[in-house]
Novice: 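Pasting a structure here, questions to come.
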Protein chains: 2
Amino acid sequence: MTTDSGTGQRRPVKTVETAVGILELIKVRDGATLPELTDELDMAKSTVHRHLKTLENLDFVVKGDDGYRIGLRTLDFGIYARDQQSVFHEGKDRVEELADETGEKVWLITHERGRSVHLFSATGARSVRTPAREGNQGYLHQLAAGKAILASFSKERVRSIADEYGLPAETEATITDRDKLFDELASIRERGVAFNRGESIPKLNAVGAPITDSNGEAIAAISVSGPSNRVKGTYLTEELPERLLGVTNEIEINLSYAES
Amino acid sequence: MTTDSGTGQRRPVKTVETAVGILELIKVRDGATLPELTDELDMAKSTVHRHLKTLENLDFVVKGDDGYRIGLRTLDFGIYARDQQSVFHEGKDRVEELADETGEKVWLITHERGRSVHLFSATGARSVRTPAREGNQGYLHQLAAGKAILASFSKERVRSIADEYGLPAETEATITDRDKLFDELASIRERGVAFNRGESIPKLNAVGAPITDSNGEAIAAISVSGPSNRVKGTYLTEELPERLLGVTNEIEINLSYAES
DNA sequence: ATCAAAGTTCAAGTAATTCGAATAGACTTA
DNA sequence: TAAGTCTATTCGAATTACTTGAACTTTGAT
């Protein structure tokens, strides 16, 4: 028996889990036909079909020529959810400015249930292309911005997050050891910023700084990232952190007066 | 017995409809508590609770201090769905340029199942603030871009859309009469662009132009809108249409070579 | 410290999902 | 044109699991 981590519940509504499983599979496969879904999910054709028709009727999936795709009703919910985040409104323009000034890729990241969520990104003139997209969820310990968020949490909370999701490696440089992570978080608290040297993508470096609320707890973080042959040395350790902290500080002040 | 319109199905998965109903209600109410949802949905407290916990576990809702909110997992699906639209990739930068040049609000709109979906917007220096948000769905006949899309459809298809959703009015100027709509669509086909004079928002004018595929069917449309005291006369009827058509034409060409 | 409101659990009944097989439709190939 | 394949759709029967209501716990306010 595994530990009852997070919101794991005893009696979930399985039919809803099934429907979301179908949605997720369509997304992962970049579209799918009824037989494809039936095979992979190991369910009766008629059952999957009924789910698809229901989801289609709800505009969560659409049927095209080459099978079913994710419908744009999800965009309505997604954009709504992001718009609810006050840090998105305060941060959006600043993130774009930062990308213009530095020329690098800049991300605004938040956390939900111990995982990272990529809220918004801006692309500078020299930005690299990475697989990350807005809306993506991931592991906090693999990101500069994520580590900056973790550094604001209590040791107990970090431990519970590590218990729930583990510390899986994405590259050879990813921190997978708890003690190393705690050391790292301590040094982040000292410096005020977090660094990432190829821990999520090889040869990609980044700086991350937290956006904290009045209790000192991070509600989000911003990162600036670029290729390691350019983003290194004092540019990485001094110049970018200074700019970043200026931006996050500004956002924090605006947020403290914008709270409803 | 009502006409079997659209994808209306005989045996939907009610449990999924219930779950989406809960999601929708949380969204409409900007967050809700368990008793609030229970009252409004007229369901047992334990049932709603179980759904909420399931949705929370799936990251579709999150529980905050003041009740449940829409979770950011929806953003992952939504952004994914938008990224799947090739017209979004081709159109995004052009829409931003157009907003910079004109200073007005520019929208990229597509259609799904006979309804409009606001895919992307860019805001110019003098843009007005409207209630529309990315992801929003609406009626095609109420929008300049929407009418431009309808104008590319067969009369039969437009009729079937009107049958399914009706032609509800949003303002006093909204076209609610079928014959008037067909006349309007004919004149749009002649001019190549559609106009909107306060038909969705009072005192807001707009021009819309379709982005058509190789079959001459609109897959999307772009609109430029602004207050009627500024956006009028030949600026509205000549200058903006010319700029718009330049942009949509460019996108169409790019799309025709980008098709997978 | 007491009370009210919100959240959570459980067993039992019922309602709805799931299944499988059979049918209809669409598209390709001979 | 016709056969064949792949996909989609429908239906009745059976079992699964959703819904309910009441009881209990927790949380927060006066």
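The sequence lines fix the lettering, A, B, ..., with proteins before strands; numbering per chain opens at 1.
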Novice: Might you confirm whether atom CZ of B:R69 has over 12 heavy atoms from other residues, nucleotides or ligands at distances under 6.0 Å?
Specialist: no

Novice: Specify the residue among A:A44 and A:R11 whose closest nucleotide of DNA chain C lies further upstream toward the 5′ end.
Specialist: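 Counting from the 5' end, the first nearest nucleotide belongs to A:R11.
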
Novice: Below the 4.0 Å mark, does D:dT20 have OP1 or OP2 next to a side-chain nitrogen or oxygen of B:T47?
Specialist: yes

Novice: When the distance from CG of B:L34 to C1' of D:dT26 is rounded to whole Å, what number comes out?
Specialist: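 After rounding, the gap between these two atoms is 14 Å.
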
Novice: Any heavy-atom pair between the side chains of B:Q137 and A:L72 that's under 4.5 Å?
Specialist: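 Side chain of A:L72 against side chain of B:Q137, heavy atoms only: no contact under 4.5 Å found.
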
Novice: OP1, OP2 of C:dT17 versus side-chain N and O of A:K14: anything below 4.0 Å?
Specialist: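 No, no such contact exists.
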
Novice: Can you tell me which nucleotide in C:dG7, D:dT7, D:dT20 comes closest to the side chain of B:S46?
Specialist: D:dT20

Novice: Is any side-chain N or O of B:K45 under 3.5 Å from a base N or O of C:dG7, one able to act as donor and the other as acceptor?
Specialist: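 Looking at the base of C:dG7, it does pair with a donor or acceptor on the side chain of B:K45 (distance under 3.5 Å).
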
Novice: Rounded to whole Å, how long is the line connecting atom CG of A:L52 with atom C1' of C:dT17?
Specialist: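 Distance check: A:L52 CG to C:dT17 C1' gives 15 Å.
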
Novice: Considering every strand and a 4.0 Å limit on heavy-atom distances, what is the contact class for B:T15: base, sugar-phosphate, or nothing?
Specialist: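 Result for B:T15 = sugar-phosphate.
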
Novice: Taking the six-membered ring for Trp, are B:F153 and B:H111 closer than 6.0 Å centroid to centroid?
Specialist: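 Close enough - the centres of the two rings lie under 6.0 Å apart.
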
Novice: Starting at the 5' end of DNA chain D and moving along, which residue's nearest nucleotide shows up first, A:R50 or A:P12?
Specialist: A:R50

Novice: Whole angstroms only, please: what is the CE-P distance between B:M43 and C:dA16?
Specialist: 12 Å

Novice: Quick one: B:L37 CG to D:dT19 C1', roughly how many Å, whole number?
Specialist: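 Between C1' of D:dT19 and CG of B:L37: 16 Å.
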
Novice: How many Å lie between CG on B:D65 and P on D:dT27, as a whole number?
Specialist: 13 Å

Novice: A:D39 has an atom CG; how far is it from atom P of D:dA8, in whole Å?
Specialist: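 Rounded to whole Å, this separation is 12 Å.
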
Novice: Looking just at side-chain N and O atoms, do A:E17 and B:T54 make a donor-acceptor pair shorter than 3.5 Å?
Specialist: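 Looking only at side-chain atoms, B:T54 and A:E17 do not form any donor-acceptor pair under 3.5 Å.
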
Novice: Taking 4.0 Å as the cut-off, does a side-chain nitrogen or oxygen of B:H49 come that near to OP1 or OP2 on C:dT8?
Specialist: yes

Novice: Using whole Å, what does the distance between atom P of nucleotide C:dA6 and atom NZ of B:K53 come to?
Specialist: 15 Å

Novice: Look at B:E56 together with B:K53 and state whether they make a salt bridge at an N to O cut-off of under 4.0 Å.
Specialist: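 A salt bridge is present here (some side-chain N lies under 4.0 Å from a carboxylate O).
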
Novice: Does a side-chain N or O of A:H51 approach OP1 or OP2 of C:dT17 to a distance below 4.0 Å, or not?
Specialist: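 Looking at the OP1 and OP2 atoms of C:dT17, neither is under 4.0 Å from any side-chain N or O of A:H51.
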
Novice: Could you tell me the separation between the CG atom of B:N57 and the P atom of C:dT8, rounded to a whole number of Å?
Specialist: 13 Å

